[in-house]
Amino acid sequence: METKTAAVSIRNVTKTFGSVVANDKVNLDIYKGEILSLLGENGSGKTTLMNMLSGIYFPDQGQIFINGKEEVIKSPKDALKLGIGMVHQHFKLIDVLSATENIILGLPGKLNIKEASRTIEDICTKYGFEVNTRQKIYEMSVSQKQTVEIVKVLYRGADILILDEPTAVLTPQETETLFKLLRKMRDDGKAIVIITHKMHEVESLSDRVAVLRDGRYIDSKDTKDTNVEEMTNMMVGHAVTLNIARPDPVDPKPRIEVQGLTVRSEEGVLKLQDVSFTANSGEILGIAGISGSGQKELLEAIAGLQVIESGTINYVEDDGAKELLVGKDPLKIAEMGVSLSFVPEDRLGMGLVGNMDLTDNMMLRSFRSGHTPFTNRKPSKQLAEDVVQNLDVVTPGITTPVRRLSGGNVQKVLVGREIASAPTVLLTAYAVRGLDINSSYTIYDLINEQKKKGVAVIFVGEDLDVMVELCDRILVLCGGQVSGIVDARKTDKNQVGMLMTRVGGTGENE
């Protein structure tokens, strides 16, 4: 039986923020030549624990051993000296600099670009990375930027790599390429930790899983000896049903008709080009595409928040009568039942006010419907309580300012409020971005409930496994154009991934 060597041993580590205990006496080993998936619900302490290992936070108590020796890690610089590198979900690169310049930026001593480029190329050859050392960051795709981030920590001598949500915005093909690279690094003896909510990826990539719950270490298991249900039960603390239902659409009828839609940004950049499709009542239409392919602009155009260069968007009434949405005020469109639930990277930037409590944020949806100068707080208070209960929002109470909630809980409030507004069209983007698996399935159930009520749901998502299971049809955008529209019951994520990278795939065009 092979003996594993611990690259990292975390012993009785505790970290608190005020009265909140983020990590509570955590013990965890990370081994050389291993890919470890660190799992847990939102707020379970995964990122906090890794931030202590990478020098962003300092533990209140406990010990960290690197290669058997106790170390004090007070900064990311200390972590790098010990061979620890973290690749964050949001890249820390300077757009106007080249790959080489970003990789060596901030290193001490006299820097030689040519020599650095040769060393970078040697690293790339060793592991199979593809990096153009002279290319500027702003010219790169998301996966190329991520590659630069990984090469950057390797160049600085990292043998222990931590990746936070590494596949959040990658296509299936890019994800598989990344996994091959990570396996090569593992086989070279490096210790790798990934934080992810995508259970398909946990099963296909990791050698071992470790689970945190409520800041405490629960257990670790070899991936081959467990399954998604068991891992989820460990994360949540009780049995969870993990089936995404997909009821057949009942009497679907056109609700939103988009024809020839073309949109440019304020800077004149073409964002959508000649986009046409129909969204039906009682149906979930998925919108897939590489990040920045026009998903945001498409939903905003339907909601009246985007200036349109050409094309039409019609709202179709139950009797078949059509009403043009282009040029209408966003408030008027919202009153017609078109609800936009967009979960951006900055959740407080779209529709929620951080300093206001949950009740007041619910009132933002309803205050215009009052007939007197005084607003009635009772319905909004009830709605806030319902959202907290139904979505398991972790909050001291509904009078807590939204800015004091964790990102995942802010998101539940945002999505819960939009769904509760009884829309006829629900536009939802990244509804489960950053949410743990249990919360995600709660949101999927809520979206399916809307579908059963006859709502036309347009669902922009990042996880293609989920989209293929949840949606009825999937419209794929590539560079702002429709690459294809496919029947989700008859496709797979690889076909969708191919359509995401080139225009002109075959599908059921309307």
Side-chain angles (χ1 to χ4, degrees), residues 139 141-142 169 171 173 252-281 283-317 320-330 333 336 338 340 342 344 425-430 456-462 464 467 471-488 490-491 493 495-510:
E139 298 171 329
S141 68
V142 174
V169 288
T171 66
Q173 289 78 11
K253 292 176 182 170
R255 180 65 77 197
I256 293 286
E257 289 181 347
V258 176
Q259 284 293 328
L261 183 66
T262 297
V263 169
R264 288 184 190 273
S265 69
E266 289 179 1
E267 295 78 28
V269 178
L270 195 64
K271 291 293 186 179
L272 292 170
Q273 183 180 356
D274 195 27
V275 169
S276 299
F277 67 92
T278 299
N280 298 317
S281 61
E283 171 196 71
I284 300 174
L285 174 67
I287 308 287
I290 294 167
S291 179
S293 293
Q295 302 95 314
K296 175 175 180 278
E297 289 78 12
L298 178 58
L299 296 201
E300 288 182 348
I302 296 170
L305 299 171
Q306 185 70 244
V307 176
I308 290 163
E309 184 173 289
S310 60
T312 60
I313 303 171
N314 279 303
Y315 180 89
V316 185
E317 303 281 1
K322 297 181 182 181
E323 190 163 354
L324 188 66
L325 296 186
V326 178
K328 270 196 170 51
D329 180 88
I333 293 174
M336 293 168 67
V338 178
L340 175 63
F342 196 98
V425 179
L426 177 63
L427 310 172
T428 176
Y430 315 117
V457 180
I458 300 180
F459 179 90
V460 175
E462 292 167 320
L464 293 186
M467 293 188 79
C471 300
D472 298 293
R473 290 179 302 140
I474 301 172
L475 180 150
V476 186
L477 288 174
C478 177
Q481 294 178 264
V482 176
S483 184
I485 300 174
V486 296
D487 183 337
K490 298 175 183 173
T491 191
K493 68 176 182 179
Q495 185 190 354
V496 176
M498 290 297 292
L499 289 169
M500 286 165 66
T501 55
R502 57 182 170 81
V503 176
T506 56
E508 63 163 284
N509 291 307
E510 299 170 278

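If you're wondering where the values come from, they're calculated on a predicted model, not measured in any experiment. Along the sequence shown, residues are numbered consecutively beginning with 1.
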Heavy-atom closest contact (S483 atom, L499 atom, distance): OG-O, 2.8 Å
All side-chain hydrogen bond (donor to acceptor under 3.5 Å, both in side chains) counterparts of K253, not counting sequence neighbours: none
Smallest separation among heavy atoms of V263 and V307, with atom names: CG1-O, 3.7 Å
From CG (L427) to CD1 (I287), nearest 0.5 Å: 9.5 Å
Side chain S276, main chain G260, donor-acceptor under 3.5 Å: yes
All pairs passing salt bridge (Lys or Arg N to Asp or Glu O under 4.0 Å) where residues 262-274 contributes a residue, at least two apart: R264-E309
V275 to G480 - nearest heavy-atom pair and separation: CG2-O, 3.4 Å
Closest non-hydrogen atom pair, D472 against D487: O-OD1, 3.5 Å
Nearest atoms (heavy-atom pairs only) where P330 meets G304: CG-O, 3.2 Å
Side chains of I333 and L305 in contact at under 4.5 Å (non-hydrogen atoms): no
Interatomic spacing from CD1 in I302 to CG in N314 - rounded to 0.5 Å: 11.5 Å
Side chain to side chain, L475 and I458, heavy atoms closer than 4.5 Å: no
Main-chain N/O of I290 paired with Q295 side-chain donor or acceptor, under 3.5 Å: yes
Close side-chain approach of I256 to Y315, heavy-atom, < 4.5 Å: yes
Contacts of type salt bridge (Lys or Arg N to Asp or Glu O under 4.0 Å), residue E323, not counting sequence neighbours: K328
Distance in Å, L261 CG paired with Q273 CD, rounded so as to fall on 0.5 Å steps: 11.0 Å
Point-to-point distance, once rounded to the nearest 0.5 Å, from CD of Q259 to CZ of F277: 10.0 Å
Gap between atom CD of Q173 and atom CE of M498 - 0.5 Å precision: 6.0 Å
Rounded distance (nearest 0.5 Å) linking atom CD1 of I284 with atom OG1 of T428: 10.0 Å
N280 backbone acceptor or donor facing R255 side chain under 3.5 Å: no
Heavy-atom closest pair, residues G289 and S293: C-OG, 4.1 Å
Candidate list I308, T262, L298, test side chain to side chain contact (heavy atoms under 4.5 Å, CB included), partner L272, passing option: L298
Steps toward side chain to side chain contact (heavy atoms under 4.5 Å, CB included) verdict (Q495, V486): CA-CA 9 Å; Q495 185 190 354; V486 296; 3.9 Å; yes
